[in-house]
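Presented below is the structure to which this report refers.
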Protein chains: 2
Amino acid sequence: MRKLQKLNKIYWIYGGVMGLLMVLLEVVHYRTMIRDLDIEIYGAIIGLLFLSIGIWVGTNLYKRKTKDVFDPAQLGLSKREVEVLELLAEGFSNQEVADKLFVSLNTAKTHISNIYSKLNVKRRTQAIQKARDLALIYPSKE
Amino acid sequence: MRKLQKLNKIYWIYGGVMGLLMVLLEVVHYRTMIRDLDIEIYGAIIGLLFLSIGIWVGTNLYKRKTKDVFDPAQLGLSKREVEVLELLAEGFSNQEVADKLFVSLNTAKTHISNIYSKLNVKRRTQAIQKARDLALIYPSKE
DNA sequence: GATGAAATCACCCGAAAGGATGAAAATAAA
DNA sequence: TTTATTTTCATCCTTTCGGGTGATTTCATC
């Protein structure tokens, strides 16, 4: 739902930009016609213009794909569970997670198990993966 | 040293591709001249061509930036170990890694243990962390 | 004050992961 | 060809992880 809306927005932006560029193309076109420039120069201008547009679109497309922030609550994750998840992603063992949160090992395990079922995964490495993909935790250092 | 060589290779590839595209451009150009097509069609072809080229270059440029910073050999990691490391980062279990590489579980475990000692870590989550930080593996999916 | 969600803890059990060690093929390098 | 490295596999053992179940305590909300 929300994702679709976002995507649609992106499409609108791209569409608008494309439309503007079409107008620009026409302007350049008629300008060159009037001044009777060589067709090769015209082609070069068009080429350069669209090349830069393509690069811009390409980079932005790639950026879009890799990000996108999510709401932990949407997955039913509690505050505490997000905390645990962050510690998991930092490579801590169950015992270490328990120590850092000042709870027992059993409690930590319970949280972790709940996280797994809510994220629909089976291993901690997968949980970290998923959390990263959903940007529930910081994507990387620095 | 090796990194520079790699980059140079990339530049050569880009250069070569660009050269080829110039030739292609000329071919399209003369073809349209001969057949006396409208200048607008010519422009559209050039535009589309360079747009797609731009998108391709753009995405690849972005990928380059985020990848390939470190030399695995510098840490003493063998080719096979890097392979295993990538599978670890994708959240696979020891058994799954073994299956994907068509080796026994014991072999996979040996590789993994060696990776740990070479990366100076104790758990697989830490290995993934470190590999990510050192950009030994791709930062994110796809 | 009752209700429900969140957080806490415990116990059991099987599966997976990790450590230590040894060793046989296969490849690469000398 | 001989040496060195990589890749492969094995066995034994300990620790950690994960699943399942049940229970108690906060805490906010109605």
Side-chain angles (χ1 to χ4, degrees), chain A residues 70-134 136-137, chain B residues 1-3 5-6 68 70-134 136-137:
Chain A
F70 235 85
D71 188 9
Q74 202 167 355
L75 294 162
L77 286 176
S78 70
K79 277 163 289 173
R80 201 59 160 168
E81 284 163 353
V82 174
E83 273 187 273
V84 174
L85 194 49
E86 283 169 354
L87 292 176
L88 283 192
E90 292 184 47
F92 293 114
S93 69
N94 290 355
Q95 185 61 63
E96 286 168 337
V97 170
D99 292 342
K100 286 193 177 285
L101 297 181
F102 300 104
V103 296
S104 78
L105 175 61
N106 291 307
T107 303
K109 284 178 62 180
T110 303
H111 285 314
I112 291 169
S113 282
N114 289 334
I115 290 171
Y116 292 163
S117 63
K118 285 179 181 176
L119 289 184
N120 198 31
V121 297
K122 290 216 162 291
R123 278 183 286 283
R124 68 173 43 207
T125 49
Q126 293 175 344
I128 296 170
Q129 268 259 111
K130 198 144 197 175
R132 238 178 255 282
D133 286 351
L134 298 179
L136 294 177
I137 56 178
Chain B
M1 302 273 181
R2 194 171 299 165
K3 233 201 298 188
Q5 281 184 349
K6 267 187 192 168
D68 245 3
F70 235 85
D71 188 8
Q74 202 166 355
L75 294 162
L77 286 176
S78 70
K79 276 164 289 174
R80 202 57 159 171
E81 285 164 353
V82 173
E83 274 187 90
V84 173
L85 194 49
E86 284 170 353
L87 292 175
L88 283 192
E90 290 185 49
F92 292 115
S93 68
N94 289 355
Q95 185 62 63
E96 286 169 336
V97 170
D99 292 344
K100 287 194 177 285
L101 296 182
F102 301 104
V103 296
S104 78
L105 174 61
N106 291 308
T107 303
K109 285 178 63 179
T110 302
H111 284 314
I112 292 169
S113 282
N114 289 334
I115 290 171
Y116 292 163
S117 64
K118 284 179 181 177
L119 289 184
N120 197 30
V121 297
K122 290 216 161 292
R123 278 181 286 283
R124 68 173 42 206
T125 48
Q126 294 176 343
I128 295 169
Q129 267 258 111
K130 198 142 197 175
R132 239 178 254 282
D133 285 350
L134 297 180
L136 294 176
I137 56 176

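Computed from a predicted model, the values in this text were never measured in an experiment. Each chain gets a letter, A, B and so on, in the order its sequence line appears, and its residues count up from 1.
Applying the 4.0 Å criterion to OP1 and OP2 of dG19(C), one finds that Tyr116(B) has every side-chain N and O outside that range. Between Arg124(B) and dG18(C) there is a side-chain polar atom (N or O) within less than 4.0 angstrom of OP1 or OP2.
Atom CG of Asn114(B) is separated from atom P of dG19(C) by 11 Å (rounded to the nearest Å). Between Ile112(A) atom CD1 and dA10(C) atom P there is a gap of 16 Å when expressed in whole angstrom units. The CG-P distance, from Asn94(A) to dC9(C), rounds to 14 Å in whole Å. Atom pair Phe92(B):CZ and dA16(C):C1' shows a separation of 16 Å (rounding to whole Å applied).
A 4.5 Å side-chain heavy-atom check between Gln129(A) and Thr125(A) finds every atom pair outside the cut-off. Counting heavy atoms from C-beta outward, Leu87(A) and Leu101(A) have side chains that approach closer than 4.5 Å. Looking at heavy atoms from C-beta onward, Ile115(A) lies in side-chain contact with Val84(A) at the 4.5 angstrom threshold. At a threshold of 4.5 Å between non-hydrogen side-chain atoms, the residues Arg124(B) and Tyr116(B) count as touching.
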Evaluate Arg80(A) against Thr107(A) for side-chain contact (heavy atoms from CB on, under 4.5 Å), listing each step before the verdict. CA-CA 11 Å; Arg80(A) 201 59 160 168; Thr107(A) 303; over 6 Å; no

Could you walk me through whether Glu86(A) and Val82(A) pass the side-chain contact (heavy atoms from CB on, under 4.5 Å) check? CA-CA 6 Å; Glu86(A) 283 169 354; Val82(A) 174; 4.0 Å; yes

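Checking dC30(D) for Watson-Crick or G-U wobble geometry (two distances, each under 3.5 Å) identifies dG1(C) as its partner.
A donor-acceptor pair under 3.5 Å links the side-chain atoms of Ser117(B) to the main chain of Asn114(B), judged by distance alone.
Note on Lys100(B) versus Glu90(B): no salt bridge recorded, every NZ/NE/NH1/NH2 to OD/OE distance being 4.0 Å or above.
Scanning both residues, Leu88(A) and Ile128(A), for their nearest heavy atoms gives O-CD1, 3.4 Å.
DNA chain C is contacted by both Lys79(B) and Lys122(B); Lys122(B) maps to the nucleotide lying nearer its 5′ end (nearest heavy atom per residue).
For the segment residues 99-110 of chain B, residues with any heavy atom less than 4.0 angstrom from an atom of DNA chain C are, sorted by number, Lys109(B).
Nucleotides of DNA chain D that come within less than 4.0 Å of any heavy atom of chain A span, from the 5' end to the 3' end, dC17(D) to dG19(D).
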